[in-house]
Amino acid sequence: MSSTHQDVIILGAGIGGLTLALSLHQAGIPCRVYEAVPKLKPMGVGINLLPHAVRELGELGLLPALDAMAVRTKEAVFFTEHGQLVFTEPAGTAAGYDWPQFSIHRGDLQAVLLAAVRERLGDGSVLCGHRCVDVDQDEAGVTAHFADASGKAVASVRGAVAIGCDGIHSVLRKKFYPDEGAPRYSGVNMWRGTTRWKPILSGASMIRAGWLAVGKMVIYPIRDAIDADGNQLVNWVAEIEAEQPAVRDWSREGRLEDFLPAFENWHFDWLDVPALIRAADSILEYPMVDHDPLPRWTHGRITLLGDAAHPMVPRGSNGAGQAIIDARCLAGWLKKDGVGPVALESYDQERVPATANVVLTNRRTPPDAILREVYERSGGKPFARIDDVVPRAELQAISDAYKRVAGYDPAQLKNRPSFV
């Protein structure tokens with residue numbers, strides 16, 4: 001057993017775990033990241049980094065690296081299933097924020113974070129092939145126990161605290177909440193893909209169209225100029241209400257026949273949606289799930305972070321952002337209160353209620369609730385003027401309310417002190 005009595009043991013090298021490692025390094029706190037998979041490879045598809053998360057990554061000096069990989073989102077645009085414009089508003093710096101909004105491939109973001117961790121903390125700062133099986137604690141510290149990919153035990157590690165950044169199937173979450181049960185199905189399945197395509201609208205638009213009852217699409221570019229023809233890599237998500245959830249497997253392949261019929265007539269003057277879907281490099285299927293908020297994440301010298309703490313349905317473009325903010329907040333408390341249970345408790349008291357509010361708002365009134373209001377009030381039929389269906393001020397209020405809940409209201413974000 002290695003003895004690292006002041007170390008923070010980070011369990012998981014996802015977005016939250018790697019951001020935490022960089023933030024602890026910035027705060028002068030030793031740490032090491034332990035990851036289950038034998039080798040880190042790009043996973044997933046596109047995600048959005050809203051200005052509150054980009055502020056944190058900017059404070060870590062990562063904006064140049066992100067700009068080299070991502071697309072700066074210029075606007076959020078909402079359409080009906082008939083292709084009619086409902087609502088548009090500027091995004092990121094175009095909306096007056098001091099920080100951009102980025103649309104990026106999850107694998108690209110993880111690569112940026114991993115490269116920075118290895119450069120700043122050293123090559124041995126992230127150890128793969130270490131799947132956490134349990135963590136014990138006593139008055140003096142914690143002991144993390146691991147197995148390799150084959151299930152064979154590897155050396156345990158001693159530290160001051162352990163942070164579970166190990167995702168929706170978190171071992172530490174199950175340790176403290178063994179009777180919680182499976183994630184809660186939202187009643188919606190989703191199919192995700194990426195397609196090489198000409199720029200759509202502004203070439204930096206985040207598009208939401210339709211509604212869940214008849215089929216909803218989220219479409220945005222995540223890489224610019226990927227070939228000599230000026231194509232982008234465009235991320236899309238198709239979402240449809242369904243009684244039965246899909247299998248919970250992030251790498252499960254999706255079938256066109258299960259969802260394409262809902263979008264077969266979506267031929268708009270600004271996009272041929274079925275052609276975009278058919279041209280995808282690959283398609284993944286997943287149920288939209290979350291968990292009810294937990295009463296607490298911290299148990300002595302152990303706490304949770306990111307999806308391990310607060311898995312949420314991806315309807316606010318905010319899951320990765322909340323993990324990043326968790327990491328920065330936790331690093332700030334460890335810097336202020338020292339590496340021990342007091343800091344973990346302070347973190348718990350700040351972030352548990354804040355993220356519970358986001359989880360529940362993502363269920364009820366995320367930004368795409370704009371589309372729900374239009375669909376329900378129009379009866380799903382085309383209209384002559386959107387203001388006759390829902391006044392713009394009411395749609396703006398839905399968007400602004402979510403910004404306040406999620407922590408990226410412009411004034412609120414500008415005036416908030418730095419976490420670290």
Side-chain angles (χ1 to χ4, degrees), residues 10 13-29 31 33 40-76 90-123 125-126 194 199 202-206 220-227 230-235 306 317-329 331-332 407-408 410 413-414 416-420:
I10 301 172
I15 291 164
L18 294 173
T19 302
L20 179 60
L22 291 170
S23 301
L24 292 173
H25 176 261
Q26 187 180 52
I29 299 170
C31 65
V33 183
L40 285 167
K41 299 174 184 173
M43 289 283 289
V45 279
I47 57 172
N48 268 268
L49 296 174
L50 298 166
H52 60 341
V54 177
R55 171 182 171 176
E56 302 310 319
L57 299 177
E59 289 183 10
L60 287 167
L62 297 175
L63 286 194
L66 290 169
D67 259 323
M69 306 286 275
V71 176
R72 284 193 177 217
T73 310
K74 292 178 184 172
E75 61 176 359
T93 51
Y97 287 97
D98 291 345
W99 306 275
Q101 176 175 331
F102 284 121
S103 296
I104 188 169
H105 194 291
R106 180 179 285 274
D108 289 347
L109 174 58
Q110 188 176 25
V112 166
L113 295 169
L114 182 61
V117 169
R118 285 179 168 155
E119 179 189 340
R120 299 175 194 182
L121 281 72
D123 286 339
S125 55
V126 179
T194 55
S202 71
S205 303
M206 182 171 183
Y220 53 89
I222 54 175
R223 286 182 196 148
D224 265 330
I226 59 171
D227 58 27
N231 286 314
Q232 295 177 309
L233 189 65
V234 175
N235 181 85
S317 302
N318 203 16
Q322 292 301 318
I324 288 166
I325 291 165
D326 289 347
R328 299 290 290 165
C329 178
Y408 65 102
L413 183 57
K414 192 178 183 72
R416 177 176 60 69
S418 292
F419 288 119
V420 182

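In this text the structure is predicted, and so the values were computed from the model without any measurement.
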How long is the straight-line distance from [atom2] of [Y] back to [atom1] of [X], given to the nearest 0.5 Å?
{"X": "Asp98", "Y": "Leu413", "atom1": "CG", "atom2": "CG", "answer": "8.0 Å"}
{"X": "Leu114", "Y": "Leu109", "atom1": "CG", "atom2": "CG", "answer": "11.0 Å"}
{"X": "Leu50", "Y": "Gln322", "atom1": "CG", "atom2": "CD", "answer": "9.0 Å"}
{"X": "Leu113", "Y": "Gln110", "atom1": "CG", "atom2": "CD", "answer": "8.0 Å"}
{"X": "Met69", "Y": "Ile104", "atom1": "CE", "atom2": "CD1", "answer": "6.0 Å"}
{"X": "Met206", "Y": "Asn235", "atom1": "CE", "atom2": "CG", "answer": "9.0 Å"}

Work out which heavy atom in [X] is nearest to a heavy atom in [Y]; give both atom names and the distance.
{"X": "Thr93", "Y": "Pro100", "result": "CG2-N, 3.8 Å"}
{"X": "Gly203", "Y": "Pro221", "result": "O-CG, 3.4 Å"}
{"X": "Tyr408", "Y": "Tyr97", "result": "O-OH, 2.6 Å"}
{"X": "Gln232", "Y": "Asp224", "result": "NE2-OD1, 2.6 Å"}
{"X": "Gly321", "Y": "Ala53", "result": "CA-CB, 3.7 Å"}
{"X": "Lys414", "Y": "Trp99", "result": "CA-CH2, 4.3 Å"}

Any chance you could lay out the side chain to side chain contact (heavy atoms under 4.5 Å, CB included) test for Leu57 and Val112, step after step, and finish with the verdict? CA-CA 11 Å; Leu57 299 177; Val112 166; over 6 Å; no
Using modelled atom types and a 3.5 Å cut-off, is there a donor and acceptor pairing between side-chain atoms of Tyr220 and backbone atoms of Gly46? yes
Answer yes or no: is there a donor N or O on one side and an acceptor on the other, between the side chain of Thr19 and the main chain of Gly16, under 3.5 Å? no
For [X], give me all partners under side-chain hydrogen bond (donor to acceptor under 3.5 Å, both in side chains), at least two apart in sequence or on another chain.
{"X": "Asn48", "value": "Gln101, Ser103"}
{"X": "Arg416", "value": "Glu56"}
{"X": "Glu59", "value": "Arg55, Arg328, Ser418"}

Can you confirm whether [X] sits close enough to [Y] that some side-chain heavy atom of one is under 4.5 Å from a side-chain heavy atom of the other?
{"X": "Leu49", "Y": "Ile324", "result": "yes"}
{"X": "Phe419", "Y": "Asp326", "result": "no"}
{"X": "Phe102", "Y": "Asp67", "result": "yes"}
{"X": "Asp108", "Y": "Ile222", "result": "no"}

Mind checking side-chain contact (heavy atoms from CB on, under 4.5 Å) for [X] and listing every partner two or more places apart, or none if nothing turns up?
{"X": "Ala21", "value": "Ile10, Cys31, Val33, Val117, Leu121"}
{"X": "Pro42", "value": "none"}
{"X": "Ala331", "value": "Leu20, Ser23, Leu24, Val420"}

